[in-house]
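Read the structure below first, then the notes.
In each ligand, atom 1 is the first atom listed, and ligand 1 is the first ligand listed.
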Amino acid sequence: MPLTHEPALRWAWVEIHQGALRRNVRAFKQLLGPRQRLCCAVKADAYGHGAVASAKIMHATGADMFAVATVAEGIELREGGIVAPILVLAEPPITAIEHILAYDLMPAIYTSEFALAFGEYAVHAGKVGKYHLAIDTGMNRIGVHHTEALEFRRSIDFHRGIVCDGVFTHFATADEPDGWDYKLQCRRFEEVIAALKDAGFDCGLVHCDNTAASILDASTHFDMVRAGIGLYGLQPCGLTAQKIQLDPVMSVHARITRVVNPAMGEGVSYNYTYRVPRARVQLCTLPLGYGDGLARVLSNRMDVLFQGQRVRQVGNICMDQCMMAIQETSARQMPTAEIGDYVTIIGRDGDAEITLDEHAQMRGTINYEVACDFGMRLEKVYR
Ligand SMILES: *Cc1c(COP(=O)(O)O)cnc(C)c1O
């Protein structure tokens with residue numbers, strides 16, 4: 001598996017498959033009606049996939065808006081040349097307002113202190129600050145409580161320095177769209193929107209769906225959906241996997257930096273949690289570790305792919321390196337490893353595949369976190 005784009009500086013890297021990203025964006029566009037928009041969540045460096053590079057590909061494939069978690073993430077997109085609208089998914093501190101206006105970002109708003117400070121600053125700057133009104137319909141994370149939304153809007157609407165570009169909420173249980181909790185959030189949101197419209201307020205873009213809801217419940221698409229995980233080819237839950245085919249965008253690769261044949265009984269890595277069980281084991285070193293997203297809890301539990309076959313990772317995973325053992329048992333004849341040979345950490349090699357979901361399951365977490373972690377330090381190669 002020779003690679004044409006591998007990085008010069010390190011024998012471990014993430015590959016981002018642009019074709020897969022484009023196919024996933026198109027798959028989401030197909031879920032939507034002609035007037036419904038696609039907002040792509042690119043927070044946390046696009047779930048570890050590289051925010052600016054991913055956003056450029058998404059925008060060229062039809063993304064209408066981008067959602068980030070922080071003002072700094074919005075600034076990074078603007079400095080990277082992204083011109084589409086950018087929504088900050090939580091209300092930033094008042095001290096960030098200057099930058100929000102300078103970089104033309106749209107904050108989520110849910111306190112009158114922020115709303116009025118935003119408006120004042122905008123008037124002074126000769127601008128009008130666009131915002132999205134966040135409604136808490138039950139998740140109890142951010143937003144104006146759904147019973148207070150109308151009054152809140154009334155209390156800030158006089159300000160000529162701000163204009164409402166959208167109203168949104170976020171589901172806590174979109175992976176169970178038949179459940180009572182999801183349905184209650186939907187009903188509360190619909191009631192808020194109806195009340196705002198009845199009172200004559202312009203709601204701008206109404207939106208609430210994340211990936212799971214976008215796929216599982218077309219009745220809540222409203223004017224826009226906010227998709228994240230699915231764009232990266234990962235399923236938020238089992239139900240969505242039955243409904244839509246998505247292509248994984250990220251794979252993780254390394255090359256072997258050292259091969260040795262330790263004597264039987266030799267210990268491997270910190271604390272010798274693994275001892276070489278027999279003669280003729282090929283112990284190989286890989287130049288990535290928990291500082292790169294290979295969680296230490298996976299030590300002695302995870303596999304990697306070598307020449308189309310699963311091989312066990314052995315010994316404690318270090319911050320920057322880990323080891324794998326070839327020919328651990330005499331049961332099957334394995335190919336001989338050499339320095340420079342390619343190993344797949346996440347991805348496909350021949351008929352074998354290791355997914356981010358496999359790591360997530362072993363770690364007791366969700367694929368979202370595993371993807372973010374691999375984005376931390378490894379260089380990303382776009383191909
Ligand atoms: C992260 C996030 C999304 C995207 O969620 P996915 O499950 O990744 O599709 C949408 N809305 C908000 C408010 C978010 O924080």
>> Apply salt bridge (Lys or Arg N to Asp or Glu O under 4.0 Å) to residues Arg310 and Asp303 and explain how you reach the verdict.
In response: CA-CA 6 Å; Arg310 279 182 178 259; Asp303 292 334; 3.1 Å; yes
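Hydrophobic clustering of Ile, Leu, Val, Met, Phe, Trp and Tyr side chains at less than 4.5 Å, counting indirect connections, keeps Ile339 apart from Val260.
Ranking protein heavy atoms by distance to atom 8 (O) of ligand 1, first place goes to Tyr47 OH, 2.6 Å. Of the protein's non-hydrogen atoms, Tyr368 OH, 2.6 Å is the one closest to atom 7 (O) of ligand 1. Nearest protein heavy-atom contact of atom 11 (N) of ligand 1 is Arg226 NE, 2.8 Å. For atom 9 (O) of ligand 1, the closest non-hydrogen atom on the protein side is Thr211 OG1, 2.5 Å.
Judged purely by distance below 3.5 Å, without hydrogens or angles, the side chains of Tyr110 and Asp136 never pair a donor atom with an acceptor atom.
Nearest residue to atom 13 (C) of ligand 1 from His170, Lys43, Met139 is His170 (criterion: closest heavy atom).
Close N/O approach between Gly228 and ligand 1 is found [any backbone or side-chain N/O within under 3.5 Å].
Of the heavy atoms in Leu89, only side-chain atoms (C-beta onward) come closer than 4.0 Å to ligand 1. With a heavy-atom cut-off of 4.0 Å, Phe168 does not touch ligand 1 at all.
Using bins of under 30°, 30° to 60° and over 60° for the plane-to-plane angle, the ring pair Phe66/His59 lands in the perpendicular bin. Ring planes of His207 and Phe168: parallel class, angle under 30° (limits at 30 and 60°).
Taking both residues in full, the closest heavy atoms of Arg78 and Asp104 are given as NH2-O, 2.9 Å, listed atom of the first, atom of the second, then distance.
The contact set between ligand 1 and Arg141, taken as ligand atoms under 4.0 Å from a residue heavy atom, comprises 13 (C), 15 (O).
Phe114 has its ring centre no less than 6.0 Å from the ring centre of Tyr131.
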